[in-house]
**Q** 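I'd like to ask some things about the structure below.
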Amino acid sequence: RESTAPLEVILSRGRSRSRITFKRPCKKGPALGISRLSVFRCVPGSVIGSELPSYPLPNGERVHFYQEGAPIIDEVEVALHLPPARPLTLDQAAQRRLPQSKVGDYMLKPPPGVLPPFIRLPPPLCPAPKASVNHGRVLRIELTTTVASVFKETFEDIKPRKPWLINKSVFEPRRRESDAKAYLDTEAIEKAALAEDVSHVFSKPSFVTFFNGTCASGDRAAMNKRLRAAVEEWFQLITTCFSYYSGSTSGYGGEGIYSMGLNEWSDFTISSGVINDDAKAKGEQCNPQGGATLRRTDVDGVFIATNYEDKSSDAGGLQSQFMRHEFVEACIRVAVLVAREEDSRVPGADITDGNKGGAVDAGRALQVYLREYVERHVRKDIQHDPNDFRTSYLYFEEVDTCFGKYHAALKAMYNAYRLREQGAAAHRPKRLNPSGWDLLMKDTDLISTVSFAVLRLAMMQSRMLCANGIDRDRNTNLTFVDFLEALGRLAHFAGIPSMEELTAAGFGDTLEWH
């Protein structure tokens, strides 16, 4: 409520927040955990106001008060004291009527022949009583002070603490088991995986025919070089998107993991913002994000063309599903479609020759598609570089100590859930497969704490990059160190509170909170 003059209201004595001052307009909306006093005008004849106490303000207006978020207490109306009249004389201004005014006059003008009296001012604090009276008996209080030694001198030799080394931690086997032969995905392993995927893509006669149709015969060498450079520049984004959409959306039990079906491919293209059936039906060429618009049938045609396996190709792959190198090929094909759609809508874009079915600079088209569509519209947690979590949260002494404390139990759990795949050999696999991971999440009831997509994302991002994109065992299953990293990522995604936070919230342990 706006007020022309400051208004101060005392709710109760000896209580916190008992003094409310109206100096400026109050903000709308109550604040949680803070008491607020609302004031509204008393309207004569109001049915509601007739049953509520009203209070006068200095300006003569009567109002009602309502305190939000406070206990119910009895209201006591305090009558307002009228201010003194305006002083008209010097004596009134000096308040000569106060009791101390006579003392001042006596000190300033003492009687003749009498010295000015010495007035002893009271001490700021009263002296402590020497005795206290309790039921008529005098109790003598004596204070005693006892000093005891609580320190004990020792002369034991303190051994220097050895620095923590990752080579002697639980993460040490990763250096031997990963293709990078290191604790992170290095630039060398990314180049090896890139070369492997590009070689598979260009070994398919169907893609070579498609690529030759996008450029003139004299420019094929330069176009090929620019396309390989574009794939190398955006290879990390391509692999992270494939890792998520090929694993996080697959069914429970790991069926179809690390292979992208038609539904997963449609989800990816919709997330990147290139599909808009409604806009196409209306004859428009622009989607809500402002870029080119493709129909679902266009990207479905890309899926069919990419998934076609040439008999003379050694790329391998599954029927009606993408492998990693096929996902790279599909992104190139969609980028060409988008470039042709944009150049037909915006002449002079300098990616195509201006014709909807003409030549296209596939390298520039792929850069524009990945930068303006995929990187801009796909969720940031999907584009997350796996190395960032390892350097920021995983490879630390505290994490190594925690894993070392429960190492035996975690190792037994890892071995127990290494399930045999249906139709595979009788012996169990050496690594934890997606079926075992899903069953572990179900048995521990973690699947009710976070979404299934988050559980699968933690698993997929914990794997080290493998150069051979066709090896399903190394690209799908988890080593023991990968399993530990997946648990760490899951704890990071789930936001499990610490023991101090659980205790403050009234829970005994994590199981009770869960």
**Q** At their closest point, which heavy atom of Ser271 faces which heavy atom of Tyr245, and how far apart are they?
**A** OG-OH, 3.1 Å

**Q** How about Phe303 and Phe322: are their ring centres within less than 6.0 Å of each other?
**A** yes

**Q** Which heavy-atom pair separates Ile166 from Ser169 by the least distance, and what is that distance?
**A** O-OG, 2.7 Å

**Q** Answer yes or no: is there a donor N or O on one side and an acceptor on the other, between the side chain of Thr269 and the main chain of Trp265, under 3.5 Å?
**A** yes

**Q** Counting C-beta onward and ignoring hydrogens, is there a side-chain heavy-atom pair between Arg379 and Cys241 closer than 4.5 Å?
**A** no

**Q** Answer whether the closest heavy-atom distance between the side chains of Ser246 and Arg324 falls below 4.5 Å.
**A** no

**Q** Please assess Val170 against Leu484 for the test side chain to side chain contact (heavy atoms under 4.5 Å, CB included), listing each intermediate value before the final yes or no.
**A** CA-CA 9 Å; Val170 295; Leu484 297 180; 4.2 Å; yes

**Q** Find out whether Leu487 and Tyr414 are in side-chain contact, i.e. whether some heavy atom of one side chain is under 4.5 Å from a heavy atom of the other.
**A** no

**Q** Any Lys/Arg nitrogen of Arg295 or Asp300 sitting under 4.0 Å from an Asp/Glu carboxylate oxygen of the other?
**A** no

**Q** So with a 6.0 Å cut-off around NZ of Lys225, is the heavy-atom count from everything else above 12?
**A** no

**Q** Among pairs that include at least one residue of residues 399-414, which meet salt bridge (charged side-chain N to carboxylate O under 4.0 Å, His left out), considering only residues two or more places apart or in two chains?
**A** none

**Q** Do Tyr183 and Asn167 have side-chain N/O donor and acceptor atoms under 3.5 Å apart?
**A** yes

**Q** Is the backbone of Asn477 close enough, under 3.5 Å, to the side chain of Asn433 for a donor and an acceptor to pair up by distance?
**A** no

**Q** May I ask you to check if Arg220 and Phe211 form a cation-pi contact, with NZ or CZ under 6.0 angstrom from the six-membered ring centre and within 45° of the axis?
**A** no

**Q** With the side chain counted from C-beta on, respond yes when Cys331 and Leu366 share a heavy-atom pair under 4.5 Å apart, and no when they do not.
**A** yes

**Q** Work out which heavy atom in Ser206 is nearest to a heavy atom in Arg333; give both atom names and the distance.
**A** O-NH2, 3.8 Å

**Q** Measure across Val399 and Leu394 and return the closest heavy-atom pair with its distance rounded to 0.1 Å.
**A** CB-O, 3.4 Å

**Q** State the CE-CG distance between Met459 and Leu440, to the nearest 0.5 angstrom.
**A** 11.0 Å

**Q** For Asn475 and Asp471, indicate whether the former's side chain and the latter's backbone hold a donor-acceptor pair under 3.5 Å.
**A** yes

**Q** Under the 3.5 angstrom rule, does the side chain of Asp179 hit a backbone N or O of Cys466 as a donor-acceptor pair?
**A** no

**Q** With a 4.5 Å limit on heavy-atom distance, are the side chains of Arg340 and Thr214 in contact?
**A** yes

**Q** Could you give me the CA-CA distance, side-chain angles and deciding distance for Val481 and Glu485, then say whether side chain to side chain contact (heavy atoms under 4.5 Å, CB included) is met?
**A** CA-CA 6 Å; Val481 180; Glu485 180 179 342; 5.8 Å; no

**Q** I need the minimum non-hydrogen distance between Arg390 and Asp185, along with the two atoms involved.
**A** NH1-OD2, 3.4 Å

**Q** What distance separates Asp443 CG from Leu439 CG, expressed to the nearest 0.5 Å?
**A** 4.5 Å

**Q** Determine whether more than 12 heavy atoms belonging to other residues, nucleotides or ligands lie under 6.0 Å from atom NZ of Lys430.
**A** no

**Q** Might you confirm whether atom OH of Tyr406 has over 12 heavy atoms from other residues, nucleotides or ligands at distances under 6.0 Å?
**A** no

**Q** Donor-acceptor pairs are to be reported for all side-chain atoms of residues 229-239 against protein atoms at under 3.5 Å, with residues two or more places apart or in another chain.
**A**
unit_1, atom_1, unit_2, atom_2, d
Glu233, OE1, Gln367, NE2, 2.9
Thr239, OG1, Phe235, O, 3.1
Thr239, OG1, Gln236, O, 2.8

**Q** Quick test of your reading of the model: are Glu375 and Arg371 salt-bridged, counting only N-O distances below 4.0 Å?
**A** no

**Q** So Arg474 and Arg431, do their side chains get closer than 4.5 Å, heavy atoms only?
**A** yes

**Q** Output, in order, the C-alpha distance, side-chain angles, deciding distance and verdict of ring pair (Phe, Tyr, Trp, His ring centres under 6.0 Å) for Phe480 and His407.
**A** CA-CA 10 Å; Phe480 180 66; His407 185 274; 5.3 Å; yes

**Q** Evaluate side chain to side chain contact (heavy atoms under 4.5 Å, CB included) for His200 paired with Ile470, printing each intermediate quantity in order.
**A** CA-CA 10 Å; His200 287 321; Ile470 304 178; 3.5 Å; yes

**Q** Is there a donor-acceptor contact under 3.5 Å from the side chain of Glu326 to the main chain of Met323?
**A** yes

**Q** For the residue pair Val378 and Gln383, what are the closest heavy atoms and their distance?
**A** O-NE2, 2.8 Å

**Q** Answer yes or no: is there a donor N or O on one side and an acceptor on the other, between the side chain of Trp437 and the main chain of Leu478, under 3.5 Å?
**A** no

**Q** Does the side chain of Glu329 come under 3.5 Å of the side chain of His325 through a donor N or O and an acceptor N or O?
**A** no

**Q** Before accepting this row, confirm whether a basic side-chain N of the pair Asp482/Arg463 lies closer than 4.0 Å to the acidic partner's carboxylate O.
**A** no

**Q** Going by salt bridge (Lys or Arg N to Asp or Glu O under 4.0 Å), Glu172 matches just one of Arg176, Arg174, Lys168. Which one?
**A** Arg176

**Q** Is any side-chain heavy atom of Asn224 closer than 4.5 Å to a side-chain heavy atom of Arg228?
**A** yes

**Q** Could you tell me if the side chain of Tyr393 sits less than 4.5 Å from the side chain of Arg489, heavy atoms only?
**A** no

**Q** How long is the straight-line distance from CG of Leu457 back to CZ of Phe493, given to the nearest 0.5 Å?
**A** 5.0 Å

**Q** Between Ser243 and Thr240, is there a donor-acceptor pair closer than 3.5 Å when you use the side chain of the first and the backbone of the second?
**A** no

**Q** How far does CD1 of Ile189 sit from CG of Leu465, to the nearest 0.5 angstrom?
**A** 5.5 Å

**Q** Checking side-chain polar atoms at under 3.5 Å, does Thr209 have a donor or acceptor matched by the opposite partner on Asn212?
**A** no

**Q** Run the side chain to side chain contact (heavy atoms under 4.5 Å, CB included) check on Phe242 and Met260 step by step: do they pass?
**A** CA-CA 8 Å; Phe242 175 75; Met260 184 180 294; 3.8 Å; yes

**Q** Compute the centroid of each ring, for Phe268 and then for Phe327, and state whether the two points are separated by less than 6.0 Å.
**A** yes

**Q** Backbone N or O of Val374 within a donor-acceptor pair of the Ser272 side chain at under 3.5 Å?
**A** no

**Q** Measure centre to centre between the rings of His492 and Phe389, then say whether the value is under 6.0 Å.
**A** yes

**Q** Please state whether the rings of Phe40 and His64 are parallel, tilted or perpendicular, taking 30° and 60° as the class boundaries.
**A** tilted

**Q** Quick one: pull up OG1 in Thr479 and CD in Glu177 and give me the separation to the nearest 0.5 Å.
**A** 4.5 Å

